[in-house]
2 protein chains.
Amino acid sequence: MEKEQRWFQEKHFIEDVGLLLEQSGLPRMAGRILGLLLICNPPHQSPSELAETLHASKGSISTMTRLLIEMGLIERIAVPERRRDYFRIKPGAWSQIIMFEVSEVATGRQLAERGLALVENQPPELQERLKEAHDLYVFLEREYPLLIGRWEKEREKNAGKKKK
Amino acid sequence: MEKEQRWFQEKHFIEDVGLLLEQSGLPRMAGRILGLLLICNPPHQSPSELAETLHASKGSISTMTRLLIEMGLIERIAVPERRRDYFRIKPGAWSQIIMFEVSEVATGRQLAERGLALVENQPPELQERLKEAHDLYVFLEREYPLLIGRWEKEREKNAGKKKK
DNA sequence: TAGTAAGTTCAGTCAATACTGAACTTTTCT
DNA sequence: AGAAAAGTTCAGTATTGACTGAACTTACTA
């Protein structure tokens, strides 16, 4: 049956989004929820729909949706006729995910500075190890947000013209 | 005593490098080794020195140094007079760490493409969710390496003039 | 307004995996 | 060459944190 084949692919996709975002520190189930919300139709799902589709407990759905909302990756929406809440991917979620990397870079820069203080009495060529790291963090802390800004601007510009 | 104070700071620095790199998927102990190799004097350390300083078993030092070498973050060096091997931070280690992020971006792009195939029959506004993610990954896959390249070039240029 | 469905919270379980320690191999020193 | 020191491998332990399930709260419906 055609439909089962399709669902098999979707299951795989959802699982792989879970794995990918696990690399970025999200719990597996949070990534699965995002994966499902990326491809579902309609694009909004209730907690119980999520629980059933993902074969997960209501408990973990509740915990993980709260986390995703705090992180700004999904949002609650009200659906006319139904009173209970639905979730959907928040527009801009993906730049948000990338922005978390930026704050990690900032942490790295601060840490490198603490390190530099510790080696300040060593000969300059020994300080080089840490200077390299520090230098890169400083560079990225400045340039990374600019890069994302450039993307957002380009994207906005293209929003006007309907593609294809 | 002045020296104990210093060692306290160093311990903390090492531990925090461990925590930072854990975010990027390295085992804690691997990050600690890098942390120590960033600030130690001399800049090269033998496995047994590492084990003693970090209060770790010889076993985990052996496993983790092998991992770090495979990842291109540290290297073996021969020290005159001593036959056994020493380790030190490999120059360029930090751009290497960043490069691992790039390959994660590539994974994300591929995954987004699989997702797009799954929603190709949905109305265009529903495809938007995935297009945003895909678009960003494509952008970063192109621009991120260019950014690192720019940094490396700038750094090379500055290598000539001794600073301060 | 009572009854049911949906959602939240949290204590306890389970699974993944980093790390230890012991047996073994390789290197170094006398 | 023999003894000791250093390094590797791997089976087993310990720790961490995600997930479940049950008790509870809130929202909906007849």
Side-chain angles (χ1 to χ4, degrees), chain A residues 11 14-37 42 44-71 73-88, chain B residues 11 14-37 42 44-71 73-88:
Chain A
K11 259 190 334 196
I14 289 168
E15 200 55 37
D16 289 348
V17 173
L19 288 169
L20 179 72
L21 297 187
E22 199 169 49
Q23 305 289 311
S24 313
L26 282 187
R28 181 82 59 95
M29 190 61 74
R32 287 200 194 101
I33 292 173
L34 282 175
L36 175 51
L37 288 177
H44 47 82
Q45 301 278 302
S46 70
S48 20
E49 286 167 343
L50 293 174
E52 184 175 9
T53 312
L54 300 173
H55 307 291
S57 67
K58 290 186 299 171
S60 87
I61 297 297
S62 179
T63 308
M64 291 305 142
T65 50
R66 184 154 45 73
L67 173 68
L68 289 169
I69 285 175
E70 275 166 20
M71 296 180 77
L73 301 179
I74 65 175
E75 61 189 356
R76 285 176 197 281
I77 57 164
V79 170
E81 206 62 14
R82 298 291 293 104
R83 204 79 66 88
R84 288 278 187 167
D85 290 339
Y86 282 68
F87 301 107
R88 73 166 175 205
Chain B
K11 256 190 334 194
I14 289 168
E15 200 55 37
D16 289 349
V17 174
L19 288 169
L20 179 72
L21 297 187
E22 199 170 50
Q23 303 291 312
S24 313
L26 283 187
R28 182 80 60 93
M29 191 60 74
R32 286 200 195 101
I33 292 172
L34 282 174
L36 174 52
L37 288 177
H44 46 82
Q45 301 277 302
S46 70
S48 22
E49 285 166 341
L50 292 174
E52 183 173 13
T53 312
L54 299 174
H55 306 291
S57 67
K58 290 185 298 172
S60 86
I61 296 298
S62 178
T63 308
M64 291 306 140
T65 49
R66 184 155 44 74
L67 173 67
L68 289 168
I69 285 175
E70 274 167 22
M71 296 181 76
L73 300 179
I74 66 176
E75 60 189 358
R76 285 177 197 280
I77 58 164
V79 171
E81 206 61 16
R82 300 289 292 107
R83 203 79 67 89
R84 288 276 187 171
D85 289 339
Y86 283 69
F87 301 107
R88 73 167 175 204

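A, B, ... follow the sequence lines: proteins, then strands. Residue 1 opens every chain.
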Rounded distance (Å) that lies between atom [atom2] of [N] and atom [atom1] of [X]:
{"X": "Lys58(A)", "N": "dT4(C)", "atom1": "NZ", "atom2": "C1'", "answer": "12 Å"}
{"X": "Glu22(A)", "N": "dA16(C)", "atom1": "CD", "atom2": "P", "answer": "11 Å"}
{"X": "Leu50(B)", "N": "dC19(C)", "atom1": "CG", "atom2": "P", "answer": "14 Å"}
{"X": "Gln23(A)", "N": "dT17(C)", "atom1": "CD", "atom2": "C1'", "answer": "14 Å"}
{"X": "Asp85(B)", "N": "dT26(C)", "atom1": "CG", "atom2": "P", "answer": "15 Å"}
{"X": "Tyr86(A)", "N": "dA27(D)", "atom1": "OH", "atom2": "C1'", "answer": "14 Å"}
{"X": "Ile61(A)", "N": "dG21(D)", "atom1": "CD1", "atom2": "P", "answer": "13 Å"}
{"X": "Glu70(B)", "N": "dT8(D)", "atom1": "CD", "atom2": "P", "answer": "13 Å"}

Side chains of [X] and [Y], heavy atoms from C-beta outward: is any pair under 4.5 Å?
{"X": "Thr65(B)", "Y": "Pro47(B)", "value": "no"}
{"X": "Arg66(A)", "Y": "Thr63(A)", "value": "yes"}
{"X": "Leu26(B)", "Y": "Met71(B)", "value": "yes"}
{"X": "Leu21(A)", "Y": "Arg28(A)", "value": "no"}

Of the non-hydrogen atoms in [X] and [Y], which two are nearest, and what is the gap between them?
{"X": "Leu37(B)", "Y": "Phe87(B)", "result": "CD2-O, 3.7 Å"}
{"X": "Ser60(B)", "Y": "Met29(B)", "result": "OG-CG, 3.8 Å"}
{"X": "Val17(B)", "Y": "Gly31(B)", "result": "CG1-O, 3.4 Å"}

Handout entry: Closest to side chain of Ser48(A), choosing from dA6(C), dG7(D), dT8(D)
Key = dA6(C)
Practice task
Enter the distance from Arg32(A):CZ to Leu54(A):CG here, rounded to the nearest 0.5 Å.
Solution key: 7.5 Å
Exercise for the section: Compute the bend angle of the helix from dT1(C)-dA30(D) to dT30(C)-dA1(D) from the end axes (five pairs per end), rounded to 10°. Expected result: 10°
Practice task
Give Ser62(A) one of three labels, base, sugar-phosphate or nothing, depending on what nucleic acid heavy atoms sit under 4.0 Å from its own.
Solution key: base
Completion exercise
A correct 5'-to-3' footprint of nucleotides 11-19 of chain D, with B, S and - meaning base, sugar-phosphate only and no protein heavy atom under 4.0 Å, is -------SS
Practice task
With sequence neighbours excluded, tell me which residues meet salt bridge (Lys or Arg N to Asp or Glu O under 4.0 Å) with Arg76(B).
Solution key: Asp85(B)
